[in-house]
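What follows is one structure encoded as structure tokens, with my remarks underneath.
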Amino acid sequence: MAGKWQEMYCENGEGELKSMILVFINGPDETLASTKSTDQPAYNIIAPNLSSCHESLTDANRRVYCCPPYYPDEPIVDFQFPDPTTTPLRIRRPAHKLTPEFIQNYSNAIKAMQSLPLSDPRNFLRQAALHCIFCTGSYDQILNSPTDHRPPGIIKIHRSWLFMPWHRMLFYFHERIVGDLIGDPTFGLPYWNWDTPEGMRDVAHLPPATANDNYDYDESHSGEELVQSNLALLYHQMVSGARKAELFHGCSYKAGQDGACDGAGTIELAPHNPLHTWVGSNLQPEREDLGAFYTAGKDPLFYAHHSNVDRMWELWQRSRAYQPEITDPDWLDSYFFFYDEKLQLTRIKIRDVLKITNLRYTYEEADLPWLNAKPKPSIPPKIAKNALKMRERNELRNGSAGRLRFATHLSMHFGSEGRILHEMVRIKVKRPRVCRTEKEKEEEEEVLVVYGINVMKDKYAKFDVFVNAVNETGLGPQAREFAGTFVNGRMGAKRPMVNEIVKKTVLKVGITELLEDLEADCDEFIWVSLVPRCHMGDYISFQGVRIEFMR
Ligand code: C2O
């Protein structure tokens, strides 16, 4: 086992590795049984079986092993909120406003973490490995009941409603560890403020230096145009495209192989995924470190990037006045384990991390320019609608000639084989309901669903979705026709898929407000265009497009 660690994570020398005790048992997890809380867990909660950690494979079938040592008798405590009367509030500040003194302290803390032995969970690589474990599906799930004999599923914390809470937990404990190592109980992680023009940068990135929140391998975007596109994207991902919890958080990932789902929320798709890739080194095969999830934790920027992702969750919660977002106990009671700064292994549930002030941290306020960055239609809607009608007539009249460049489909389903996105696909989609009242629109969001998405390789792959676009060339988030984006962040590693039902991904984008702005609210049909990006269309297929209504 130590050998595997060395391949992947060992940069601290063999001596320390030898001191690691790796125990693997295959029987039932005693530790969990003894710490089971008195409230009965719901049937389908997610929690890792700590005794089950196993290796993963990269896309090129290289072995990746990120598992920590496991001690079956190690005591585990349930998480308690820090006492607000004695715990100072940590304030997370924008990275571009940090003082040299703060940066010095923070880098001292990272050095201190790097010099701890690998046997210490506060060691920097051990912290980084936490992300590797959970992005590659290295743990099996616990069984929800002794009578449940279904094979346990694995746990992945991306592309579902686990994404926001699991990452919040990781960075919360990481922050406590950093603060403790530099003796500063007020230490707050910096946040990479990529949602304001001043923060849209990464000084290590060679020109163009403006961060591209919707990165598609095209480095030619820059300057003010890129800033505006970033702000419009955020408006979409935080406001008009995130009017329901499922759109923001992603699909409901539950226990068992049949409970798994694959469908990310808005912020995870972008800017989260594109910025990982934008920062990741193009000199590395899988754009390690930040560009592949299994190594992302080794880049200190990872922590600041996710601080801002987490801040987006807090801002989104605030925008809805902290109304309960998801009330399903399968989400609320799902739990994970983390070491705190005193090396205490702690069990923490999703319901524990819903309010950051209970965790005694907060974000320094910053401008939210994207709140007012609602994009305008690229063509006045009336003109666009005439053009779309003409286009349809021409296509029909010209038959195949009109299809030479674009596959235009009046049908919405492509069967189980799906359709490869090697070029843009335009689809005319029938809307089940039109001209809904304000109240109906408030209650149910109209959602465009691209289903059966299959990304054939572990590649950074992306396509954008537009509604009623007359000419997609050059269109991006700064046009109101932009309805959303699908971004496949690369894990860089996969769990051997034996016995796993490989599920296809779904993309859901909220379009109620967009249809109003495009004056298409009462139209029976809309045109949907899927535009492949990053020259990756050959690797992406999808089965179809439909409209559904989401409560
Ligand atoms: Cu778990 Cu930024 O990824």
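Note that this is a predicted model, so its numbers are computed, not measured. Numbers here are sequence positions counted from 1. Only heavy atoms go into these numbers, but all of them, side chains included; no hydrogens, no water, no symmetry mates.
- Arg243 meets the side chain to side chain contact (heavy atoms under 4.5 Å, CB included) test with Glu445, Thr512, Glu513; sequence neighbours excluded.
- The salt bridge (Lys or Arg N to Asp or Glu O under 4.0 Å) test applied to Glu524 returns Lys430, not counting sequence neighbours.
- In this view, His174 and Tyr303 satisfy the ring pair (Phe, Tyr, Trp, His ring centres under 6.0 Å) rule, not counting sequence neighbours.
- In this structure Glu314 satisfies the side chain to side chain contact (heavy atoms under 4.5 Å, CB included) test together with Arg168, Gln317, Arg318, Tyr322, Ile356, Tyr363, sequence neighbours excluded.
- Sequence neighbours left out, the pairs with a member in residues 536-551 that pass salt bridge (charged side-chain N to carboxylate O under 4.0 Å, His left out) are Glu444-Arg551, Lys508-Glu548, Arg546-Glu548.
- For Asp352, the side-chain hydrogen bond (donor to acceptor under 3.5 Å, both in side chains) test picks out no residue, with sequence neighbours left out.
- Aromatic ring pairs are classed by plane angle as parallel below 30°, tilted from 30° to 60° and perpendicular above 60°; the pair His131 and His276 is parallel.
- Side chains of Asp202 and Trp192 form a contact here, defined as non-hydrogen atoms less than 4.5 Å apart.
- Using a 3.5 Å distance cut-off with no hydrogens or angles, the side chains of Lys374 and Ser240 do not pair a donor with an acceptor.
- Not a single disulfide (SG to SG under 2.5 Å) links Cys534 to another residue, sequence neighbours left out.
- The side-chain heavy atoms of Val429 and Val467, taken from C-beta on, include no pair separated by under 4.5 Å.
- Evaluation of the ring pair (Phe, Tyr, Trp, His ring centres under 6.0 Å) rule for Phe102 yields Phe187 as partners, not counting sequence neighbours.
- For the disulfide (SG to SG under 2.5 Å) condition, no pair includes a residue of residues 262-307, sequence neighbours left out.
- Qualifying side-chain hydrogen bond (donor to acceptor under 3.5 Å, both in side chains) partners for Ser378, counting only residues two or more places apart in sequence or in other chains: Glu481.
- Sequence neighbours left out, not one pair with a member in residues 267-318 passes disulfide (SG to SG under 2.5 Å).
- Trp316 is linked by a side-chain hydrogen bond (donor to acceptor under 3.5 Å, both in side chains) to nothing, counting only residues two or more places apart in sequence or in another chain.
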